[in-house]
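What follows is a set of notes on a single structure, which appears directly below.
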Amino acid sequence: MNHNADFSRRAAEHGASMPWVASPMPGVDRQMLDRVGGEVARATSIVRYAPGSAFSAHSHSGGEEFLVLDGVFQDEHDDYPAGTYVRNPPGTRHTPAAAQGCTILVKLWQFDRADRTQIAVDTAALEMAQPAGRPGVRLGALFHDAHEDVRIERWDANAALALDLPRGGEFFVIEGGFSEAGEAFGPRSWLRLPPGARFEGLAGPDGARLWVKTGHLAEPRFAPAP
């Protein structure tokens with residue numbers, strides 16, 4: 001299946017109003033933000049685990065990164081409460097579960113082939129700093145390499161925001177909201193802009209906290225074979 005599969009175009013979705021689609025595992029549902037492929041796919045999704053649900057043990061041939069939005073995500077390695085950002089690079093293996101339920105933002109098959117960096121970060125403990133030339137913005141770094149930059153950003157209330165994206169970018173609202181191109185983005189809304197785009201937006205009256213990823217759309221990432 002293809003959904004928002006043209007990465008040269010702007011794409012937006014709003015998790016608050018999207019339907020949930022059942023996965024092959026009972027109690028695990030998804031909202032598909034973008035997807036290229038079948039059940040194994042290059043995909044960006046919001047995934048909801050009902051209490052007591054689990055996925056079978058599996059390897060991540062194409063890598064996985066996720067942000068826990070609520071509840072506690074679990075595997076045999078650790079418990080990951082809301083606010084945890086995890087990168088499981090190609091070759092890692094685990095058995096996901098959620099004894100009390102959880103919701104995550106997850107991206108699959110979008111790693112650089114050579115990436116072997118595995119991390120888990122508590123975003124609540126990030127040191128936030130104001131980047132040069134971006135008034136009204138503070139950011140905390142999650143991951144950076146030659147291919148991409150991943151971070152948490154906080155935007156001041158009613159801040160006017162602009163950011164050039166020579167290599168494209170994605171914005172996912174955790175709290176608060178913003179408007180861009182006449183469209184309102186609230187909690188669990190997602191925006192993807194292609195390489196060469198410029199983000200111009202206005203933070204809402206309560207400001208915003210977002211997961212932001214830039215630089216990764218200029219180079220094609222490997223995807224699962226059909």
Side-chain angles (χ1 to χ4, degrees), residues 2-16 18 30-37 41-47 62-69 83-89 103-112 115 119 121 123 126 131 134 137-155 161-181 183-203 208-223:
N2 285 349
H3 178 64
N4 288 327
D6 184 349
F7 293 89
S8 68
R9 299 176 62 89
R10 176 187 183 275
E13 297 286 1
H14 302 279
M18 292 180 70
R30 301 170 291 196
Q31 294 174 322
M32 300 179 185
L33 305 180
D34 67 28
R35 194 172 188 89
V36 181
R42 171 182 172 143
T44 304
S45 309
I46 302 171
V47 179
E64 168 197 68
E65 65 178 315
F66 63 87
L67 175 68
V68 183
L69 302 176
T84 307
Y85 171 72
V86 175
R87 290 178 71 90
N88 290 323
T103 309
I104 65 174
L105 169 71
V106 60
K107 296 177 74 65
L108 301 170
W109 285 90
Q110 297 176 49
F111 273 61
D112 180 73
D115 190 342
I119 62 172
V121 179
T123 63
L126 287 175
R134 297 187 66 195
V137 175
R138 288 167 292 157
L139 61 83
L142 295 174
F143 178 81
H144 176 80
D145 67 8
H147 305 280
E148 62 188 46
D149 186 88
V150 189
R151 55 199 185 264
I152 296 295
E153 294 199 3
R154 293 184 182 273
W155 297 349
L161 303 146
L163 181 63
D164 289 321
L165 299 166
R167 297 168 59 87
E170 292 182 58
F171 305 80
F172 181 85
V173 181
I174 302 169
E175 296 174 345
F178 68 91
S179 60
E180 184 268 348
E183 187 170 0
F185 291 80
R188 301 195 183 178
S189 289
W190 168 83
L191 171 66
R192 187 188 73 210
L193 295 175
R198 178 177 170 85
F199 174 88
E200 294 184 336
L202 181 68
R209 185 163 68 97
L210 304 95
W211 175 91
V212 178
K213 182 170 182 167
T214 58
H216 60 301
L217 298 174
E219 302 169 4
R221 288 288 181 262
F222 66 108

Nearest 0.5 angstrom please: [X] [atom1] to [Y] [atom2], how far?
| X | Y | atom1 | atom2 | value |
| --- | --- | --- | --- | --- |
| Ser45 | Leu108 | OG | CG | 6.5 Å |
| Leu139 | Leu210 | CG | CG | 11.5 Å |
| Leu165 | Leu163 | CG | CG | 4.5 Å |
| Asn2 | Arg42 | CG | CZ | 11.5 Å |
| Leu161 | Phe199 | CG | CZ | 5.5 Å |
| Leu33 | Arg35 | CG | CZ | 10.5 Å |

* Please examine the side chains of His147 and His216, heavy atoms only from C-beta on, and report whether any two atoms are closer than 4.5 Å. => no

* So Tyr85 and Trp211, side-chain contact (heavy atoms from CB on, under 4.5 Å) or not? Walk me through it. -> CA-CA 10 Å; Tyr85 171 72; Trp211 175 91; 3.6 Å; yes

Considering all heavy atoms, the nearest [X]-[Y] contact:
| X | Y | result |
| --- | --- | --- |
| Gln31 | Gly15 | NE2-O, 2.9 Å |
| Leu217 | Pro195 | O-CG, 3.5 Å |
| Arg134 | Trp155 | NH2-NE1, 4.2 Å |

* Structure fact -> Sorted by chain and number, sequence neighbours left out, ring-ring contact (aromatic ring centres under 6.0 Å, His included) with Trp190 holds for none

* Would you please name every residue forming a ring-ring contact (aromatic ring centres under 6.0 Å, His included) with Phe185, sequence neighbours left out? => His14, Phe178

* Among Leu67, Thr84, Ile174, which one satisfies side chain to side chain contact (heavy atoms under 4.5 Å, CB included) with Thr123? -> Leu67

* Asked: Got a sec, which residues hit salt bridge (charged side-chain N to carboxylate O under 4.0 Å, His left out) with Glu180, two or more places apart in sequence or on another chain?
  -> Arg10

side-chain contact (heavy atoms from CB on, under 4.5 Å) involving [X] - partner list, sequence neighbours excluded:
| X | value |
| --- | --- |
| Asp115 | Arg87, Pro89, Phe111, Asp112, Thr117, Phe143, Asp145 |
| Asp149 | His144, Arg151, Thr214 |
| Pro187 | none |
| Arg188 | Ile46, Leu69, Asp70, Thr103, Phe172 |

* To do: Using side chain to side chain donor-acceptor pair (under 3.5 Å) as the criterion, list what pairs up with Arg30, not counting sequence neighbours.
  => Glu39

* To do: For Asp34, enumerate each residue passing the side chain to side chain donor-acceptor pair (under 3.5 Å) test, keeping only those at least two apart in sequence or located in another chain.
  => Thr44, Arg192

* To do: For Leu142 and Ile119, run side-chain contact (heavy atoms from CB on, under 4.5 Å): C-alpha distance rounded to whole Å, both residues' side-chain angles, the deciding distance at 0.1 Å, then the answer.
  => CA-CA 9 Å; Leu142 295 174; Ile119 62 172; 5.6 Å; no

* To do: Please confirm whether the backbone N or O of Arg209 pairs with a side-chain atom of Glu175, one donor and one acceptor, at under 3.5 Å?
  => no

* To do: Go through the side-chain N and O atoms of Asn88 and Glu65 and say whether any donor and acceptor fall under 3.5 Å apart.
  => no

* Between Arg167 and Glu219, is the closest basic N to carboxylate O distance under 4.0 Å? -> yes

* **Note: Glu148-Lys213 ion pair, threshold 4.0 Å (strictly below)** => yes

